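Reviewing the structure listed below.
Quick caveat: nothing in here was measured; it's all calculated off a predicted structure. Just so we're on the same page: letters track the sequence lines, and every chain starts at 1.
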Amino acid sequence: MNQEQRHANDIFKDFRVQSVSEFFRKNAAMLGYTGKIRSLTTLIHEGVTNALDACEDARILPDIKVEIEELGTEHYRITVEDNASGIPLSFIPEVFGRMLAGSKAHRNIQSRGQQGIGISGAVMYSQVTTGRPSIVLTSTGDSPIVKCDVQIDVEHNIGRVIHKKKRVNKENWRGTKLIFEVKEVLYNKSRYSPYNYLRMTSISNPHARITFVEPDGTKIIFDRSIDTVPKSPKETKPHPKGITPHDLLLMARYTDKRTISSFLLHDFVRISSARTKDIEKMSSLSLNKHPKKMTWKEAESLVKAFKAIKFVAPPTDGLIPIGDESIKKGMEVISPEFSYSVTRSALTYKGGIPFIVEVGVAYGGNHTSSNGMDIIRYANRAPLIFDQGGCAITEAVNSVDWKRYGVRDDDKSPLTVFVNLVSTHIPYTSAGKQAVAQEEEIYSEIRNGIMDAGRSLKSFLRGKRRAHEKRKKMDTLRKYAPETASALGGLLKMKNSSKVEEKLYTIIGKKYGEKA
Amino acid sequence: MNEVTEKLEQFGLSVYEQINKERSPFLKIPQRGLSNVSFDEKNRMLSLGNKASKRYYLNVAHTRKFMQTILVASYCRRLVEEGRHAGIRELYYALKHSISGTRENTFDDQTESNAITEDIEVSLDLLREQLNLTADRRGYLYGDVLIKDGEDEFNASKLGRGGWAVPGTVEDIEFPEVDAEYMLVVETAAMADRLIEEKFAQKNGALIVACQGQAPRGVRRLIQRLHFENKLPVIVFTDGDPYGWYIYSTIKQGSMNLAYLSKRLSVPDAVFVGMTMKDIEVYSLKSVTERLKATDKSRIKELKSYEWFKHKKWQKELDLCLKLGVRIEQQALANKSLEFVAKEYLPEKIEHKNFLP
């Protein structure tokens, strides 16, 4: 060893706490910023998700405009505008500048975003690639329009408003418009493109109107097919089965209850006083203790007790599925020949996390992939575009024996399979949130949903095949009509056999229930 | 309008009426398969039953044949009205063309048009000859018979070794003078040639008819006419195998395909001289037999099941053939000597009436 041993002080002199923002700046890939095409789509995703959530909170029918302008090679300006309630000035840095600061983090509620990294990640990605701040315009409709530049202080995980201007809001514009520039990304129209992302978003959000302007100026409107705002998800108390010691400690710290038993009784669902006694017995802890004084060890033994005890399944009214009718409406974007959708009943995974699976199957229409089945995946209505291979949804769809449902050649059938997983907590495989982890309950429920839809697809395909055969038979009969007519004309020495031919067509049409 | 055009016109009109009333058009065609053929004990010949099938235009399995039937009927009417004759192969080529808008032909091969022609014959109860269609001809006649064919008159024993080639239609032929005691119908041309060379006809007072395989209609009609008009007995000489025996059977009691013409084509009194299984033993021909193939065996079993092969002697013959597992050709007799067949085999068997019924 020619290197000297190092003292701890020496090693730790460079050590400093890394802020969350800094961590993600270095690990942008985890957020979905990998590859030029994917990064652009992720940016759009964050903007649109933010806009849809804002509209949902405000109970407003979303009217979202997305524009991508090409400023140079791999250099674009992105504008995302919504018609939601607008953001009060004081919250702008919080909303756009700080990681893990979303209004939904640490709440047990179904939402598109979850970790509160999304939109601030987009602001940061823009900042990292162009060195420029993002521009936010917002108004609550009855207030002036605020325009400000937002920047993230990466080191301190704080959003900073650099410039801000107010101007009179004559037109009573309400909403938020986010403009940011970005480099090292690429626009195209592949499966992974913003176009496909928006199309998928429109399918799962039939109440939203999304206007998209492409870099070449093409304007595409994904119009709404439903005029009602979907129900907002409710925040629900957690179920003991879905809890970890860490969650438990966190909740214990914020509770206003004075004993653990009261805390368990009030801050959870499905824990009755009888169950608290069971928990007490099982964990051999005194539940009279103040929750704030709970130790890690105690939290662990409580969770252990939760696992061993049977609880009523959690209520599912916190989950808001799209609904089978709305999925059907949404799939009209593809204009399929056939579509079927089903919203399954709520179930739980990991013993207590409620989820609902929704499945839609569409046949024909402007089916995107030229070769084979198109699987479109959603988590809480948000499209999952990347990491298709490693996703439990894909695996569940592929595990189904499609031949049983009359799909003869699933490599060539124009099938679109829609799956939306609704849950207060989607088990993503990574922070990029593009693939659902293999949870046995979820996997088999997706299969059940597909089988539901498959039965209906089967009878449609059977009918279609029958219609096809009918068509073929009819063509055969029609094929011989002119020859037969002219031969008969010859046999009977008629001057003109076209009447016979017409009559033959009429007879053929009558047989197959068609007007000649 | 003669009877033939009248029938063709009616045939077309019935289809036209159905189409005009927008009903599903169909043609009624007597069935020609085994299921509609039976052995008429009284007349000792095959006869066609009255089962008919309907050929529907609207049945995709029938449509093509429906069209073909009308096409052939229409062509026949033209032939009859123009007083022209066409061979069935000519008819095939005359009507073969691609169906407009497709790559499909009206007829793919001649078997299709042949079958349709037979359909029309049966349906309208008309002979092919009446439709001015001539069959492919085969077969010849040799012997002392005066033949009058239109302007020409000649003796069939003065035409050289080739004899007189039998035309497809023999309806107009006349036989002013016949000097023979019987007719010998021979399966192969080679054997007929042998007999002619050996002067068999002259020495035995026979008319030799070579049918060259399954006897064509012209030959069958010729045999039938000479038998009934000139009281000539008919003796048939074929190979000793199921095909030879079936040639005999066709001459004697008609064929399934042309069962509706049996009365005009068959000779119930015809007898069979050979080859038989017994000949193998009697003339020690074992060394010149050939083994039966699987198809031969199954054909023998088929023959056994036919109503008109139920005669004890024939059942015995067929059983023996299966038992020996061999067949014997006419020309195997050359094993004895070339002239053996003409000098010994046939004269002996015929003299002793050593026949199968």
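For a residue to count as touching a neighbouring chain, one of its non-hydrogen atoms must lie under 4.5 Å from one of that chain's; by this rule B/Arg78 does not touch chain A.
Side-chain N or O atoms of A/Lys503 include none that pairs as donor or acceptor with a backbone N or O of B/Glu22 at under 3.5 Å.
Atom NZ of B/Lys96 is surrounded by more than 12 heavy atoms from other residues, nucleotides or ligands within 6.0 Å. Within 6.0 Å of NZ in A/Lys219 there are 12 or fewer heavy atoms belonging to other residues, nucleotides or ligands. Heavy atoms of other residues, nucleotides or ligands lying less than 6.0 angstrom from NZ of B/Lys65 number 12 at most. More than 12 heavy atoms of other residues, nucleotides or ligands sit less than 6.0 Å from atom CG of A/Asp216.
Of the listed residues B/Tyr16, B/Tyr57, B/Phe11, the one with more heavy-atom pairs under 4.5 angstrom with chain A than any other is B/Tyr57. Per-residue heavy-atom pair counts under 4.5 Å with chain A were compared for B/Asn20, B/Leu95, B/Val15, B/Thr69, and the maximum is reached by B/Asn20. The most heavy-atom pairs under 4.5 Å with chain A, out of B/Leu8, B/Asn59, B/Val72, B/Val60, come from B/Val60. Put simply, of B/Leu71, B/Leu13, B/Ile19, the one with the most heavy-atom pairs under 4.5 Å next to chain A is B/Ile19.
To the nearest 0.5 angstrom, A/Leu492 atom CG is 9.5 Å from B/Gln10 atom CD. Of the inter-residue distances, the one linking B/Arg23 atom CZ with A/Ile507 atom CD1 reads 10.0 Å to the nearest 0.5 angstrom.
Using a 4.5 Å heavy-atom cut-off against chain B, the contacting residues of residues 479-488 of chain A are A/Lys479, A/Tyr480, A/Ala481, A/Pro482, A/Glu483, A/Thr484, A/Ala487, A/Leu488. Listed by sequence position, B/Ser100, B/Thr102, B/Glu104, B/Thr106 are the residues of residues 100-127 of chain B in contact with chain A, using a 4.5 angstrom heavy-atom cutoff.
Nearest heavy-atom pair across A/Leu491 and B/Ser74 is N-OG, 3.4 Å.
Sorted by first and then second residue, the ring pair (Phe, Tyr, Trp, His ring centres under 6.0 Å) pairs with a member in residues 453-472 of chain A read A/Phe338-A/Phe460, A/Tyr363-A/Phe460; sequence neighbours excluded.
When the side-chain hydrogen bond (donor to acceptor under 3.5 Å, both in side chains) test is applied to A/Ser190, the partners found at least two apart in sequence or on another chain are A/Asn188.
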